[in-house]
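We're numbering straight along the sequence, starting at 1.
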Amino acid sequence: MAHIVVLGAGLGGTIMAYEMKEKLRPEDTITVITKEPRYHFVPSNPWVAVNWRKREDVEVDLAPVFEKKGIAFRPSPATKVDPAINAITLEDGSTVTYDYLIIATGPELAFDEIEGLGPHGGFTQSVCHVDHAQKAGQAFEEFCKNPAPIIVGAVQGASCFGPAYEFLFILETELRRRKIRDRVPMTFVTAEPYIGHLGLDGVGDTKGLLEGEMRGHHIKWSTSSRVKKVEQGKMTVEEVGDDGSVKATKELPFGFAMMLPAFRGIAPLRGIEGLSNPRGFTIIDKHQRNPTFKNVFAVGVCVAIPPMGPTPVPCGVPKTGFMIESMVTATAHNIALLLRGEEPKHQATWNAVCLADFGDSGVAFVAQPQIPPRNVNWSSSGKWVHGAKIGFEKYFLHKMRRGTSETFYEKLALDVLGIGKLKETTISA
């Protein structure tokens, strides 16, 4: 008999619990520990932030779903993880022990690393969490009463760029609908060395597509930019040259700003030798397994992945939705092997399939694998992306409410498209 614990219940943790449950032996048990009892669909947050969605539209109450699936649920934050003794201490004072731990916590948002950044005592908004998106939606309504310049982007060390582009164009679409776009200069400020880099050195022609969209919508941009500080109505930005020197320092005015922060591992995971890197992200091998604590696996944004290469301003590597799902499938298969006396052999493809909605159009890309060099490197744009994103939102929330990781028709469609979650050389008969 083995007890498997999933730490975290975001995208990775929730589908991890569903998929792992299906791989267990009858005598095994599984528990999910999370600080929040409700799952929210993060890709919908930009819509919440312009009041195109309400919070309840994009949330799932996990307790009844887990109960139906036979998954134990502990909605209390972890305060300490001790992999040396296979134990997790919770905020409510209790301790949970495990035979296998799957870390799926997502990140801690490092707003505090830049003066004045973030919605918690700072001057910028965020779409990283539904709480932030709700607050941004309120701030946007107030902004529309007195239009002024808008700044959107991602700061130095950020690893999540797609939502910044999405929110930029969704805002632009909403401003046009309200007929106040002509009163709102818009600037995109990013750590990326070029527009469309995305922390991935581009995918297909994302550079050309996104630059074209910005020109077509009269949006200015500032790349290789480092945010020095944010004050009420003013952002101080340093433009950095290829040699790392500061080319120019600018003070950009704004009436509304949304900047994605850098990420780091959550506090209970930071500083554990052999488990985490200096930023607190969990170290894994090709099987999603920690090389020091071999009964610990990790999936999702909490995983340590080195940057693509040096850039004038630091850029992290994003962990996109389908990439995370492939990590989940590999982890479930590998723990199932361990439970049956075998060694892990499955590897995630880390393929990426992304839909970036722009409000009335969008950009889509497929990267196989997400990190180059790639077998498939494709991107496209059009109004169809907006419809596809809406359809995907409804489908994914349906899966979460049913307690399903992957439906048969999803698997069939992916097989037809040749987009797999496991590397073919590791799939057993």
Contact summary for Phe73 and Pro37, nearest pair of heavy atoms | CZ-CA, 3.8 Å
Aromatic centroids of Tyr165 and Phe188 separated by under 6.0 Å | yes
Output for pair (Phe365 CZ, Trp378 CH2), nearest 0.5 Å, gives 10.5 Å
Would the number of heavy atoms belonging to other residues, nucleotides or ligands and lying under 6.0 Å from CD of Glu67 be above 12?
-> no
Going through the distances and angles, do Tyr194 and Asp201 end up as a side-chain hydrogen bond (donor to acceptor under 3.5 Å, both in side chains)?
-> CA-CA 9 Å; Tyr194 59 84; Asp201 201 12; 2.7 Å; yes
Checking salt bridge (Lys or Arg N to Asp or Glu O under 4.0 Å) for the pair Arg178/Glu141: CA distance, chi angles, key distance, verdict?
-> CA-CA 11 Å; Arg178 297 189 186 214; Glu141 290 299 325; 2.6 Å; yes
With distance as the sole test, does Asn295 use its side chain to make a donor-acceptor pair with the main-chain N or O of Tyr100 at under 3.5 Å?
-> no
Output yes when a side-chain donor or acceptor of Asn351 lies under 3.5 Å from a complementary backbone atom of Met323, and no otherwise.
-> no
For the side chain of Ser379 and the backbone of Asp205, is there at least one donor-acceptor N/O pair under 3.5 Å apart?
-> yes
Cationic tip of Arg374 above Trp350 ring, under 6.0 Å, 45° of axis = no
Any side-chain donor near an acceptor of the partner, Trp47 and Asp357, under 3.5 Å | yes
Report yes if some heavy atom in the side chain of Phe263 is under 4.5 Å from a heavy atom in the side chain of Leu109; otherwise report no.
-> yes
Interatomic spacing from CD1 in Ile151 to CD in Gln125 - rounded to 0.5 Å | 13.0 Å
From Met235 CE over to Thr187 OG1, what is the distance, rounded to the nearest 0.5 angstrom?
-> 9.5 Å
Are Glu59 and Lys54 ion-paired here, with the side-chain N under 4.0 Å from a carboxylate O?
-> no
Should Ile284 and Arg289 count as side-chain neighbours, where that means a heavy-atom distance under 4.5 Å?
-> no
Rounded distance (nearest 0.5 Å) linking atom CE of Met327 with atom CD1 of Ile15 | 10.5 Å
Work out which heavy atom in Phe123 is nearest to a heavy atom in Phe254; give both atom names and the distance.
-> O-CE1, 3.6 Å
Take Glu174 and Arg181 through the test salt bridge (Lys or Arg N to Asp or Glu O under 4.0 Å) and record every step on the way to the result.
-> CA-CA 8 Å; Glu174 180 62 14; Arg181 175 67 179 89; over 6 Å; no
Examine distances only and state if a side-chain atom of Ser159 and a backbone atom of Gly316 form a donor-acceptor pair shorter than 3.5 Å.
-> no
Do the side chains of Met20 and Ile335 get nearer than 4.5 Å, heavy atoms only?
-> yes
Candidate pair Glu27 and Arg25, rule salt bridge (Lys or Arg N to Asp or Glu O under 4.0 Å), full reasoning | CA-CA 5 Å; Glu27 66 269 27; Arg25 302 167 299 179; 3.6 Å; yes
Do Asn334 and Gln288 meet the criterion of a side-chain donor-acceptor pair at a distance under 3.5 Å?
-> no
In sequence, state the C-alpha distance, the side-chain angles, and the governing distance for Thr329 and Ser326, and then conclude on side-chain hydrogen bond (donor to acceptor under 3.5 Å, both in side chains).
-> CA-CA 5 Å; Thr329 297; Ser326 76; over 6 Å; no
Quick one: do Lys294 and Glu343 satisfy salt bridge (Lys or Arg N to Asp or Glu O under 4.0 Å)? Show the steps, please.
-> CA-CA 11 Å; Lys294 294 187 180 296; Glu343 283 299 304; over 6 Å; no
Charged N to carboxylate O below 4.0 Å: is that the case for Arg226 and Glu239?
-> no
Does Lys135 count as lying over the ring of Phe256, i.e. NZ or CZ under 6.0 Å from the six-ring centre, within 45 degrees of the axis?
-> no
Would you please name every residue forming a side-chain hydrogen bond (donor to acceptor under 3.5 Å, both in side chains) with Asp131, sequence neighbours left out?
-> Arg55
Greater than 12 external heavy atoms within 6.0 Å of Asp82's CG = yes
Which atoms form the tightest heavy-atom contact between Lys69 and Lys21, and what is the distance?
-> O-CE, 3.1 Å
Could you check Glu213 against Ser381 for side-chain hydrogen bond (donor to acceptor under 3.5 Å, both in side chains), going step by step and ending with a plain yes or no?
-> CA-CA 10 Å; Glu213 291 285 347; Ser381 63; 4.6 Å; no
Any side-chain heavy atom of Leu337 within less than 4.5 Å of one from Lys345?
-> yes
Measure the CD-OG distance between Glu192 and Ser222 for me, rounded to the nearest 0.5 Å.
-> 11.5 Å
Asp112/Arg264 salt bridge by N-O under 4.0 Å criterion | yes
side-chain hydrogen bond (donor to acceptor under 3.5 Å, both in side chains) evaluation trace for Thr31 with His3 | CA-CA 8 Å; Thr31 299; His3 182 211; 2.7 Å; yes
Parallel, tilted or perpendicular: rings of Phe392 and Tyr395 (30°, 60°) = tilted
Work out which heavy atom in Val317 is nearest to a heavy atom in Leu200; give both atom names and the distance.
-> CG1-CD2, 4.1 Å
Are Gln370 and Thr320 close enough that a side-chain donor and a side-chain acceptor fall under 3.5 Å?
-> yes
For residues Thr124 and Gly118, report the shortest heavy-atom separation together with the two atoms involved.
-> OG1-N, 2.7 Å
Validation row: Leu7, Val32 side chains within 4.5 angstrom (heavy atoms) | no
Taking atom types as modelled and ignoring hydrogens, do the side chains of Asp99 and Asn86 form a donor-acceptor contact shorter than 3.5 angstrom?
-> no
Any chance the rings of His386 and Phe358 have centres within less than 6.0 Å?
-> no
In short, Asp360 meets Thr173 closest at the heavy-atom pair OD1-OG1, 3.7 Å
Atom CD of Glu56: over 12 foreign heavy atoms under 6.0 Å = yes
When you check the gap from the basic side-chain N to the acidic O, do Glu325 and Lys399 get nearer than 4.0 Å?
-> yes
Between Leu275 and Leu269, is any pair of side-chain heavy atoms under 4.5 Å apart?
-> yes
Does a side-chain heavy-atom distance below 4.5 Å link Val65 with Tyr39?
-> no
Please determine if Arg270 and Glu108 form a salt bridge, counting it only when a charged side-chain N lies under 4.0 Å from a carboxylate O.
-> yes
Phe169 vs His217 aromatic rings, parallel, tilted or perpendicular, using cut-offs 30° and 60°?
-> perpendicular
Go through the side-chain N and O atoms of Glu36 and His129 and say whether any donor and acceptor fall under 3.5 Å apart.
-> yes
Identify, with sequence neighbours excluded, every residue that meets side-chain hydrogen bond (donor to acceptor under 3.5 Å, both in side chains) alongside Asp92.
-> Ser94
Inter-residue atom distance Ile71.CD1 - Thr14.OG1, 0.5 Å rounding | 9.0 Å
Glu393 with Lys389: basic N within carboxylate O range, under 4.0 Å = no
Do Leu90 and Pro77 have side chains that get closer than 4.5 Å, going by heavy atoms?
-> no
